[in-house]
Amino acid sequence: MALDTSTSSVHRLGGRVLRSRTVAALASPHGIDRYLTRINPMLAAHEVRARITDIRPEVSAPGAPRVATVTLQPTSTWRGHRAGQHVSVGIDTGEGRRTTRVFTVSNTEGKPGEPLTITVRAHDDEHATPYSISKYLTERATVGTLVHLSQAEGDFVLPDRVPEHIVLISGGSGITPVMSMLRSLQRRTHRGKVTFLHWSPSADRQIFADELEEIRHQGHGVDLHILHTSEGAPYLSPALLEKLVPGYRELPTWACGPASLIEAAQAAYEGTESLKVEYFKPPKTAGVAGGEMEFARTGRTVTNDGATILDQAEAAGLTPESGCRMGICFSCTTNKSSGRVRNILTGETSELPDEQIRICVSTPEGDCSVDL
Amino acid sequence: MTTVEKTGNRRLSAEELEAFGKEMDAIRQRIVADLGEKDAAYIYDIVKKQRNFEIAGRALMYLPVVGWLPAVACLSISKILDNMEIGHNVMHGQYDWMGDPDLNSRMFEWDNVCPSDQWKYSHNYIHHTFTNILGKDRDIGYGILRMDEDQKWHPYYLGNPLYAFLLMVFFEWGVALHDLEVENLVAGKRKLSDNAEMHRGIMKKVKRQALKDYVLFPLLSGPLAPLTFLGNATANLVRNIWAFNIIFCGHFPAGVASFSQEECEDETQGHWYYRQLLGSANITGGRIFHIMSGNLSHQIEHHLFPDLPARRYPEIAEEVREICERYGLAYNTGPLHRQLWGVFKKICRYALPDRKRPAAAGVEAAPALEGVAA
């Protein structure tokens, strides 16, 4: 124990020195991390990296995409996470390219430097070469693989003081942040009531099935409803919510899932302040086609087909920088010199000239010009 | 103006320009499709070597007397690699496809007093878009020198060789101040207030660079502080001289053409390639020389394909040369001493007023063709 405290205080002192302004000035302009990584990639003063310490399959039903929970031991720079937050994960997937995607942290809320888990469903990603990061993590990555992380981000989190009765709603892979919340509540020994509604296609593709079963048996104030749509379960509607959770409109609610679920939840809670949502995938765009989409730097112009500017740029043969493709990581931020764009997450439109926009979640409305 | 004709080159017809452009596009597409592991491994290796030279350079300063010269050598190599093969090329976006933030054009900052964002604007945009267009490309003479006969002579230019010498010695400072467009301030085309924000950016970077090279590292070496100070200053000077010479050989040797704004109005992609080719010059040399010059010894290929990884320029060069031969266009290349001699002659020649008759033959490598000057 004594040894533990002394090593950790040496560690803390070392961290303070490495993060000091003097060291920053000496290592300018590249930063001290560029030199530390020469010694050991797990040594960092600012950046966050992690090694994979475990990969556990969650679902391996025949025909279903693989799902795995990946445990990561981060560098001491990781500041911990709150339940419901997400993290950008960058991996060198081959051919000299690093792919970065955003994943929800799935374990209980954690302190600085503590291991974290992400739960990943393998799916194809036409924009990632040569492998999609989810396929790489579920099929090719091994224990010891080095990954690049951001800090935990996102405000889809539980408050420090959790109200007496809350509702959690999730659909498909959107269960991950909600599971992290539920696990954290259990660890915090939350005494109130939690109603948890989850929609998934069928029982054999259910991730966290065993754990959910255990929660159902234990009770402990968790009222669990799993609805399998392929087996005839009804979809989210005000009537269903009223039946399962009487007076739901007054209850603080967190919902995460595909666009259809989020939209149904937003309709059911319309006019209240109770609902917090997170899209798991941005809605498939139904932008307005028409007008000309101009890529000013390369001098190309295409007819606006209503897709996001990022998709249209890629269709035109350009390769703009991008990351999460869901409006989280800001890698694709580009200057829009003119035109009106709609943010597909919020529905807001804006037509300010020379505006920085995230092209992965912006669709043009009419003529538009961006610096690509 | 050093017109195309004065350089002994011919003008291509619209059809030829289009075909020429298509051949260049094809090279580009082939290389882009082939980018991968090898290019990534190469740049990671260069970065690793640069960091090792830097650490060695800083460490050797602690070895009194015998360590000083090797320390300066290591630090000079580190700064040259950092600014040229890494910095210049990374900031062109040559490695953006790798998805590594450390090698991303929007994030990279170099070991040089010029802030990267200002350099990217004046270099990537102004210089690479308007290469050798008089009145648009501010890299023609950098606003201080007279490097083309169409720049009107003024007694001020008698100092051309002196200004060039000073620019060489203080090159990184020249590059940093370049964006402030001091010549336009003097001419009243620009207001001092236009520069306020840039000035802040430059001062911030200057302070950081000066703090580490001229205060902190010398202080850390205790009684050796004066030697460390001198060593760091020498390394910066070596980098300045080297970079100046390589860069001046890129656009100012004999036989490089300049263009008028009228010629380049509504320019086609084919003419853009044509202008880049005739407005640049290469330097021959070995592998190490190319690396130390940031592959700017392949200025022609760099100007044709500024965002392709520079390590590809030597392989592209053979093809470009072959295409030039077919179109009857000169491919301007030569050993360092010859290109430098050409630059030196130009600096001296344009210090003096024009002779009565524009006898370009004395200045340029090739005779002028009468009556076709644009």
Side-chain angles (χ1 to χ4, degrees), chain A residues 20-39 41 46-49 88-101 127-130 133 148-150 296-300 317-324 329-335 356 371-372, chain B residues 29 32 34-44 47-48 50-52 54-55 58 78 82 86-87 93 95-113 115-116 124-125 129 204-205 207-213 215-217 219-220 267-269 272 307 309:
Chain A
S20 69
R21 290 176 61 178
T22 314
V23 169
L26 287 169
S28 169
H30 301 304
I32 188 65
D33 282 341
R34 301 274 65 72
Y35 301 89
L36 292 176
T37 186
R38 300 240 64 80
I39 305 167
H46 304 278
E47 290 169 11
V48 190
R49 289 183 278 268
S88 298
V89 180
I91 301 190
D92 299 317
T93 52
E95 291 184 12
R97 287 166 164 86
R98 183 184 305 176
T99 311
T100 303
R101 289 288 180 273
H127 304 291
T129 48
I133 191 164
H148 303 264
L149 301 182
S150 65
R297 202 152 54 83
T298 45
R300 286 182 217 199
L318 308 182
T319 49
E321 202 175 314
S322 70
C324 68
C329 72
F330 288 79
S331 317
C332 67
T333 306
T334 302
N335 186 56
Q356 298 293 311
D371 297 345
L372 278 177
Chain B
Q29 278 158 15
V32 166
D34 188 47
L35 292 179
E37 207 84 64
K38 276 188 190 156
D39 303 275
Y42 172 81
I43 193 67
Y44 281 136
V47 170
K48 188 175 132 196
Q50 181 265 319
R51 303 279 142 86
N52 290 347
E54 185 179 0
I55 292 167
R58 302 284 184 201
S78 154
D82 178 281
I86 303 170
Y95 300 96
D96 281 2
W97 55 273
M98 287 169 59
D100 184 340
D102 297 342
L103 295 173
N104 183 290
S105 59
R106 292 197 299 187
M107 321 235 196
F108 193 86
E109 187 61 71
W110 57 356
D111 186 2
N112 184 307
V113 292
S116 63
N124 287 1
Y125 173 56
T129 313
K204 204 169 136 194
K205 187 75 196 291
K207 274 185 199 153
R208 268 195 227 147
Q209 288 294 109
L211 183 65
K212 73 167 175 161
D213 276 347
V215 181
L216 290 177
F217 276 111
L219 279 181
L220 275 178
E267 188 176 46
T268 60
Q269 182 66 25
W272 183 86
D307 58 348

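Reminder, nothing fancy here: chain letters follow the sequence lines and each chain counts from 1.
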Which pair of non-hydrogen atoms, one from [X] and one from [Y], has the smallest distance, and what is that distance?
| X | Y | answer |
| --- | --- | --- |
| A:S28 | B:K212 | O-NZ, 2.9 Å |
| A:P29 | B:D111 | CG-N, 3.8 Å |
| A:R98 | B:Y44 | NH2-OH, 4.5 Å |
| A:G96 | B:M98 | O-CG, 3.3 Å |
| A:Y35 | B:R51 | CE2-CD, 3.6 Å |
| B:E37 | A:G94 | OE1-C, 4.2 Å |

Which region of [X], side chain (C-beta onward) or backbone (N, CA, C, O), has a non-hydrogen atom less than 4.5 Å from a non-hydrogen atom of chain A, or is it both or neither?
| X | result |
| --- | --- |
| B:Q269 | neither |
| B:K48 | both |
| B:N104 | side chain |
| B:I43 | neither |
| B:N112 | neither |

Q | Check against side chain to side chain contact (heavy atoms under 4.5 Å, CB included), A:H148 and B:D100 | A | CA-CA 10 Å; A:H148 303 264; B:D100 184 340; over 6 Å; no
Q: For chain A, find which of B:Y95, B:Y125, B:W110 contributes the most heavy-atom pairs closer than 4.5 angstrom.
A: B:W110
Q | Top contributor to chain A contacts, counting heavy-atom pairs under 4.5 Å, from B:R208, B:R106, B:K205 | A |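 Most pairs with chain A among the choices: B:R106.
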(Q) Only pairs of heavy atoms separated by less than 4.5 Å count here; which of A:L26, A:T22, A:D92 has the most with chain B? (A) A:L26
Q: Check each atom of A:T319 against the heavy atoms of chain B and say whether the ones under 4.5 Å are side chain, backbone, both or neither.
A: neither
Q) Is it the backbone or the side chain of A:R34 that comes under 4.5 Å from a heavy atom of chain B, or both, or neither? A)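 Contact with chain B: backbone and side chain both.
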Q. What is the distance from atom CD of A:E95 to atom CG of B:D34, rounded to the nearest 0.5 Å?
A.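 Reported to 0.5 Å precision, the distance equals 10.0 Å.
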**Q.** Over 12 foreign heavy atoms within 6.0 Å of CZ, A:R297
**A.**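 Open: at most 12 neighbouring heavy atoms sit under 6.0 Å from CZ of A:R297.
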Q | The single option from B:V47, B:D102, B:D82 passing side chain to side chain contact (heavy atoms under 4.5 Å, CB included) against A:H30 | A |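 Single side chain to side chain contact (heavy atoms under 4.5 Å, CB included) partner of A:H30 among B:V47, B:D102, B:D82: B:D82.
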